[in-house]
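Since the structure comes first, as C-alpha cells, the remarks are kept for the end.
Sequential numbering from 1 along the given sequence is applied to the chain's residues.
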Amino acid sequence: MTHTTRLSRRSLLAGLSAATVPFGRALARTVEPAAQKLIEAAESQIGVTRIYDAAYVRLAFPGGDVAIDRGVCTDVIVRAYRQAFGYDLQLTLNADMKANFRAYPKRWGLTGPDTNIDHRRVPNLQVFFARQRAELPRPSVTGAVSGGWQPGDIVTMLVPGVLGSGGRPHIGIISNTTVAGTDRRRVIHNIGLGTQNDDILEVLTITGRYRMLAV
C-alpha cells in the first residue's frame, strides 16, 4: 500500500531531525542470518556517514566509493552489500548495463554505462533488482510485521516536493526494529541527515520492494 503526503522535502527533513520516536521491539531472533548481516552492515554506517552529498565523483572501479563520512541513499545499500556479502553492486550493475543497456532508464541522457554514478541512482537499482528476480509484491499493510515488510527487504520510495509532482527516488533497508507501540518497521537510509534508522514507511510514497540475500 502506498501512502501519499504533501510534505515538502524541507519539512520532512525538519520533522525527522526533531522527532524522538522511541524504538520498539528488536526482532533479531526472527531474522534470517543473511538479512541480519545486511542490516548490521547498514546500521554500522549510522554515526559514521553524517553528510548527504549527491555530488558526482570519479570513483575507482570496481570497489569505488565516496568518502565514508558522506553519500546518498544508494550508498547505504551499496556499502551494506559490500560489507555483508562482499557483493559489489557497482561491478554487477555495470556488467548488466553493458549487456542490457536498453533495459535501463534513459532519463540522464547517457549513451552508455558510467561506473562513477550508475549504481548510485535509485531507478537503476530498481531495474537491476527486478532483473535479478528480486522484486516482491508490496505488503497490503505498510508496517505489518507478520505477512508484511521483512527485515532485510529493500524499499524504494518517492520523497515529495522535489523534482515536480513525481518526487525524488529514494531507497532504504527495512530494519529488524519497530516503532514503539506499533508493528511498523523502521528503515535504514540517508535522506539528508546522514545514515539513520527512521520511522518513514508511512511518510513516503512506496514504489517498490526487493529482497536479494542469496548473492
Side-chain angles (χ1 to χ4, degrees), residues 34-135 152-159 162-163 168-175 187-198 207-208 210-215:
Q36 185 64 25
K37 286 182 67 175
L38 186 66
I39 291 166
E40 289 176 356
E43 288 179 334
S44 72
Q45 301 171 42
I46 297 173
V48 177
T49 304
R50 297 176 176 271
I51 301 168
Y52 185 93
D53 185 350
Y56 180 94
V57 177
R58 291 195 173 277
L59 303 177
F61 178 80
D65 197 3
V66 298
I68 190 62
D69 69 332
R70 65 194 59 235
V72 292
C73 60
T74 48
D75 292 317
V76 177
I77 311 301
V78 172
R79 289 164 176 165
Y81 272 92
R82 282 174 173 163
Q83 181 177 328
F85 309 122
Y87 185 84
D88 189 353
L89 282 164
Q90 182 195 28
L91 177 64
T92 54
L93 187 146
N94 176 259
D96 194 56
M97 285 192 77
K98 281 182 175 178
N100 305 280
F101 187 70
R102 292 184 179 180
Y104 284 82
K106 302 300 184 293
R107 60 196 297 175
W108 302 284
L110 298 178
T111 57
D114 182 345
T115 58
N116 298 302
I117 194 66
D118 290 333
H119 62 296
R120 303 184 70 207
R121 287 172 163 157
V122 175
N124 285 341
L125 287 179
Q126 288 183 272
V127 171
F128 179 77
F129 286 138
R131 287 179 54 78
Q132 304 308 304
R133 300 182 180 178
E135 188 170 13
D153 283 352
I154 304 297
V155 55
T156 58
M157 300 156 276
L158 288 175
V159 178
V162 292
L163 296 185
R168 176 184 233 165
H170 187 56
I171 194 168
I173 297 175
I174 300 294
S175 173
V187 178
I188 308 164
H189 70 139
N190 181 354
I191 203 171
L193 303 170
T195 306
Q196 305 283 333
N197 192 357
D198 285 325
T207 60
Y210 310 87
R211 190 171 185 85
M212 195 173 76
L213 299 174
V215 297

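Here the side chains of Leu193 and Tyr52 are not in contact, with every heavy-atom distance at 4.5 Å or above. Counting only heavy atoms from C-beta outward, the side chains of Ile191 and Cys73 never approach each other to under 4.5 Å. Residues Pro105 and Val127 form a side-chain contact, since some pair of their non-hydrogen atoms from C-beta on lies under 4.5 Å apart. At a threshold of 4.5 Å between non-hydrogen side-chain atoms, the residues Thr111 and Phe101 do not count as touching. A 4.5 Å side-chain heavy-atom check between Arg168 and Val122 finds every atom pair outside the cut-off.
When atom types are taken as modelled, the side chain of Arg50 and the backbone of Gly47 share a donor-acceptor pair closer than 3.5 angstrom. Side chain of Gln132 to backbone of Met212: no donor-acceptor contact under 3.5 angstrom is found. Within the 3.5 Å criterion, the main-chain N or O of Ile188 finds no donor-acceptor partner in the side chain of Glu43. The backbone N or O of Val78 lies less than 3.5 Å from no partner atom in the side chain of Gln90, so there is not a single donor-acceptor pair.
Contact detail for Pro113 and Asn94: the closest heavy-atom pair is CB-ND2, 3.6 Å. Between Pro62 and Asp88, the shortest heavy-atom distance links the atoms CB-OD2, 3.4 Å. Residues Asn124 and Tyr104 come closest through the heavy atom pair O-CE2, 3.5 Å. For the pair Gln45 and Ala80, the tightest heavy-atom approach, listed with the atom from each and the gap, is NE2-N, 3.6 Å. Ala67 and Arg79 get closest at one heavy-atom pair: O-NH2, 3.2 Å. Scanning all heavy atoms of the two residues, the minimum distance from Ala34 to Leu213 falls at CB-CB, 4.0 Å.
Partners of Asn116 under the side chain to side chain contact (heavy atoms under 4.5 Å, CB included) rule, at least two apart in sequence or in another chain, are Tyr56, Arg58, Leu59, Asp114. The side chain to side chain contact (heavy atoms under 4.5 Å, CB included) test applied to Thr92 returns Tyr87, Leu89, Phe128, not counting sequence neighbours.
Residues in residues 115-124 take part in these salt bridge (Lys or Arg N to Asp or Glu O under 4.0 Å) pairs, two or more places apart or across chains: Asp75-Arg120.
Look at Arg211 and Asp153 and you find a salt bridge, because one of the NZ, NE, NH1 or NH2 atoms lies within 4.0 Å of a carboxylate O, short of that distance.
With Asn190 as reference, Thr49 is the one residue of Asp53, Thr49, Thr74, Ile171 to meet the side chain to side chain contact (heavy atoms under 4.5 Å, CB included) rule.
A distance of 10.5 Å separates OG1 in Thr195 from CG in Asp69, rounded to the nearest 0.5 Å. Distance CD1/Ile173 to NE2/His189: 11.5 Å, rounded to 0.5 Å. Here CG of Leu93 is found 8.5 Å from CZ of Phe129. Values are rounded to the nearest 0.5 Å.
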